[in-house]
Amino acid sequence: MQLSDAPDLAHTRPRPVHWLATATAMAGVVALAGLLQPGAATASQSGSPAPEAAAPGGAPLPAPDPSGVDFPLECGGVGTTLAKQASGDLDGDGNPETVAVAHCAAGSGTPPNGVYVLTRSGGEGEPARIVATLVDPKDKLIVGPDFAVRDGEIIATLLGYSAPTVPSCCPDEEQRVSWRWQNGAFVRGERPVARSV
């Protein structure tokens, strides 16, 4: 280590006033960062054309068709299966959205499901696009028989596993859930469990 020939400088020995100044500056940075947070996620994507409010003549557009959608599932080349779908106006714009349940096209077993909300990119004939993922397949959940869209609310029964040792054929946990569009996002709620698995 090389020693300096210069005398000790005052700023090389921290005093309480230095710590106070540093803490004040850090508090200011944290407060400013809190004010500059990005807005909440919405069901629209920038750069995409805005969907039409209704078809010519005032009638709502048909629900998006999920058959041509490339779902974000990692299936190792086996493809995907559209297991369930339900449609309804979820955001109050007068046009229906489609909620799709998809999973990998496994030959056997019970692959986990993904639940996706689809809307139109534009007018009638335009392909559907995914605007929200309600259940990620990484959560290893299966959508049970109770799945519907009613009065702007998505209702589902989710089946899962209490431990990694539970066989994938036989989920042993059940959650009854719902999602509703509120303040620019889908908000999940719990519903009473009707029965145990």
Side-chain angles (χ1 to χ4, degrees), residues 40-45 51 60-93 95-121 126-197:
T42 62
S44 63
Q45 296 178 359
L61 293 168
D65 181 9
S67 62
V69 173
D70 184 21
F71 294 103
L73 297 166
E74 296 177 15
C75 298
V78 298
T80 60
T81 298
L82 178 64
K84 301 174 190 218
Q85 70 183 60
S87 298
D89 185 6
L90 300 174
D91 59 4
D93 69 350
N95 288 311
E97 286 75 33
T98 297
V99 183
V101 178
H103 59 77
C104 292
S108 61
T110 311
N113 295 157
V115 179
Y116 307 98
V117 178
L118 311 175
T119 191
R120 296 188 171 282
S121 296
E126 292 293 319
R129 62 185 170 91
I130 298 171
V131 292
T133 299
L134 303 179
V135 175
D136 192 313
K138 293 176 184 172
D139 297 333
K140 299 188 179 184
L141 296 171
I142 300 154
V143 177
D146 182 20
F147 173 74
V149 172
R150 293 187 199 116
D151 300 321
E153 184 175 41
I154 305 158
I155 299 167
T157 300
L158 302 178
L159 307 175
Y161 307 94
S162 61
T165 56
V166 176
S168 64
C169 69
C170 312
D172 63 344
E173 291 187 334
E174 178 179 313
Q175 304 170 50
R176 289 178 43 96
V177 298
S178 64
W179 292 270
R180 187 172 287 279
W181 181 255
Q182 294 177 351
N183 301 319
F186 286 100
V187 177
R188 180 175 161 164
E190 300 296 323
R191 299 169 59 88
V193 175
R195 60 178 174 79
S196 60
V197 179

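When reading the values below, keep in mind they use all heavy atoms of this one structure, side chains included, and skip hydrogens, waters and symmetry mates. Small disclaimer: the values here were computed from a predicted structure and weren't measured.
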Audit row: Phe186, Leu90, side-chain contact (heavy atoms from CB on, under 4.5 Å) steps and yes/no: CA-CA 9 Å; Phe186 286 100; Leu90 300 174; 4.0 Å; yes

What pairs of residues pass the ring pair (Phe, Tyr, Trp, His ring centres under 6.0 Å) test when at least one of them lies in residues 62-81, not counting sequence neighbours? Phe71-Tyr116

Please report the interatomic distance CG(Asp65) to CG(Leu118), rounded to the nearest 0.5 Å. 9.0 Å

Treating Lys84 as the side-chain partner and Gly144 as the backbone partner, does any N or O pair qualify as donor plus acceptor under 3.5 Å? yes

Does the side chain of Arg191 come within less than 4.5 Å of Val177's, by heavy atoms? no

side-chain contact (heavy atoms from CB on, under 4.5 Å) filter on Ser162, not counting sequence neighbours, yields Val166, Asp172, Glu173

Say you draw a straight line from CG of Leu158 to CG of Asn113; how long is it, rounded to the nearest 0.5 Å? 9.0 Å

Does some side-chain heavy atom of Val143 sit less than 4.5 Å from a side-chain heavy atom of Thr157? no

side-chain contact (heavy atoms from CB on, under 4.5 Å) between Tyr161 and Ile142: does it pass, once the steps are laid out? CA-CA 10 Å; Tyr161 307 94; Ile142 300 154; 3.1 Å; yes

Under the side-chain contact (heavy atoms from CB on, under 4.5 Å) rule, collect the residues that match up with Lys140, sequence neighbours excluded. none

Are any of the side-chain heavy atoms of His103 and Thr81 separated by less than 4.5 Å? yes

Any side-chain heavy atom of Arg120 within less than 4.5 Å of one from Asn95? no

Pairwise side-chain contact, Glu97 with Asp89, heavy-atom cut-off 4.5 Å (strictly under): yes

Does a sphere of radius 6.0 Å around CD in Glu74 hold more than 12 heavy atoms from other residues, nucleotides or ligands, not counting ones at 6.0 Å or beyond? no

Gln85 and Thr98 side chains, donor-acceptor separation under 3.5 Å: no

